[in-house]
Amino acid sequence: MQKVDYLIIQSTNTSEAKDFDKEVIIKQHTSSIRDGGFNWNRPGIDYLILQDGTLQTIIDEENPTTIDLWGISHGKNAVTGQAKHIAYVGGRTLKEAWDKDTRTDEQKQALEAIVKFYILRFPDIVIAGFNEIPAKADEDNPGFEVAEWLRELEIPEHNIFKG
């Protein structure tokens, strides 16, 4: 497996009432715009945590994303490296009007396990919320303060992104 520099936490940016699996994400991200998709060449999420805490792999570990492809770099202080993107299903209010931490207890447990697993595999990995990346600062995804949550889990400071 290639070294992973960043773990990006996000939500699917969907209503807390919607529950779906990776097939929906793959179709949405890779279908043509004419068919209602994003027309990307690959899904933008590597792992998906369902509301019951089930972890689904969308893109295997051998294929981390090069961050520049996601437009995360920002000016001369670019953020570059390899990243894995993990999303939980949810992140928006019932009618999708506002961001909201809709993680179920099962999703929180799965997310914590994945974060700790990646730190064990890559002790220098940096973990960030999608909205903490400079180029995504106007996003409200993932619906909670990732750095604050990581500190509650007593994750070492050097693993927490400081934009």
Side-chain angles (χ1 to χ4, degrees), residues 4-31 33 35-61 63-65 67 69-74 79 82-119 125-153 155 159-163:
V4 176
D5 304 299
Y6 297 95
L7 183 64
I8 311 297
I9 297 174
Q10 58 193 89
S11 72
T12 56
N13 213 23
T14 54
S15 168
E16 60 191 308
K18 293 181 181 175
D19 192 18
F20 49 84
D21 65 13
K22 69 180 185 180
E23 298 308 320
V24 171
I25 294 295
I26 293 169
K27 182 177 180 185
Q28 180 187 36
H29 289 193
T30 60
S31 294
I33 293 172
D35 292 331
F38 298 159
N39 201 35
W40 295 345
N41 64 355
R42 63 182 258 167
I45 299 170
D46 298 285
Y47 302 109
L48 183 67
I49 302 175
L50 308 184
Q51 290 182 350
D52 68 359
T54 300
L55 176 67
Q56 293 187 324
T57 300
I58 298 175
I59 300 173
D60 68 51
E61 289 192 346
N63 295 298
T65 303
I67 288 180
L69 295 176
W70 284 93
I72 290 174
S73 293
H74 202 254
V79 176
Q82 301 292 322
K84 296 299 278 183
H85 295 252
I86 184 162
Y88 70 95
V89 174
R92 305 290 294 178
T93 56
L94 189 61
K95 294 184 179 179
E96 299 185 347
W98 307 100
D99 65 303
K100 180 181 178 184
D101 184 0
T102 64
R103 293 174 298 161
T104 64
D105 289 341
E106 293 83 3
Q107 286 175 313
K108 289 177 184 176
Q109 290 172 354
L111 190 56
E112 179 181 349
I114 294 163
V115 164
K116 290 180 176 177
F117 170 76
Y118 266 91
I119 290 172
I125 195 168
V126 175
I127 303 152
F130 189 70
N131 60 347
E132 295 176 287
I133 304 301
K136 302 295 182 186
D138 58 343
E139 301 275 342
D140 48 17
N141 190 334
F144 67 98
E145 295 296 326
V146 171
E148 183 179 307
W149 177 70
L150 293 172
R151 288 184 179 100
E152 289 173 12
L153 299 177
I155 299 299
N159 295 116
I160 300 172
F161 183 77
K162 296 166 186 69

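Keep in mind that the numbers below use all heavy atoms, side chains included, and drop hydrogens, waters and symmetry copies. All residue numbers in this chain count up from 1 along the given sequence.
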Only pairs under 3.5 Å count here: list side-chain donor-acceptor contacts from residues 87-95, not counting sequence neighbours, and write none if there are none.
from, atom 1, to, atom 2, distance (Å)
Tyr88, OH, Pro142, O, 2.5
Arg92, NH1, Asp140, OD1, 3.1
Arg92, NH1, Asp140, OD2, 3.0
Arg92, NH2, Glu96, O, 3.2
Arg92, NH2, Ala97, O, 3.3
Thr93, OG1, Ala97, N, 3.1
Thr93, OG1, Trp98, N, 3.2

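Rounding to the nearest 0.5 Å places CG of Asp21 at 8.5 Å from CD1 of Ile26. To the nearest 0.5 Å, atom OG1 of residue Thr30 and atom CD1 of residue Ile58 are 10.5 Å apart. A distance of 9.5 Å separates NZ in Lys108 from CH2 in Trp149, rounded to the nearest 0.5 Å. Interatomic distance, Thr54 OG1 to Lys22 NZ, rounded to the nearest 0.5 Å: 12.0 Å. Distance check: Gln56 CD to Ile25 CD1 gives 10.0 Å after rounding to the nearest 0.5 Å. In this structure, CD1 on Ile127 lies 10.5 Å from CD on Glu132, to the nearest 0.5 angstrom.
Residues satisfying the salt bridge (Lys or Arg N to Asp or Glu O under 4.0 Å) test with Asp101, not counting sequence neighbours, are Arg103. By the ring-ring contact (aromatic ring centres under 6.0 Å, His included) test, Phe38 is found to be paired with His29, Trp40, residues two or more places apart in sequence or in another chain being considered.
Closest non-hydrogen pair, Ile160 versus Ala147, comes out as CG2-CB, 3.7 Å.
A donor-acceptor contact shorter than 3.5 Å is absent between the side chain of Asp99 and the backbone of Asn141. For the pair Gln51 (side chain) and Glu16 (backbone), a donor-acceptor distance under 3.5 Å is present. For the pair Ser11 (side chain) and Asn13 (backbone), a donor-acceptor distance under 3.5 Å is present. Proximity of a side-chain donor or acceptor of Gln107 to a complementary backbone N or O of Thr104 within less than 3.5 Å is detected.
Side-chain contact between Val24 and Thr12: absent, with no pair of heavy atoms (C-beta onward) separated by less than 4.5 Å. In this structure, Ile133 and Phe161 have side chains that are in contact, with non-hydrogen atoms separated by less than 4.5 Å. Counting heavy atoms from C-beta outward, Phe20 and Thr14 have side chains that approach closer than 4.5 Å. The shortest side-chain heavy-atom distance between Val115 and Asn159 does not fall under the 4.5 Å cut-off. Residues Leu55 and Ile49 meet the side-chain proximity criterion, which asks for heavy atoms closer than 4.5 Å. Between Ile9 and Ile86 there is a side-chain heavy-atom pair separated by less than 4.5 Å.
Atom CD of Glu145 has 12 or fewer heavy atoms from other residues, nucleotides or ligands within 6.0 Å.
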Glu112 vs Lys116, salt bridge (charged side-chain N to carboxylate O under 4.0 Å, His left out): CA-CA, chis, key distance, verdict: CA-CA 6 Å; Glu112 179 181 349; Lys116 290 180 176 177; 2.7 Å; yes
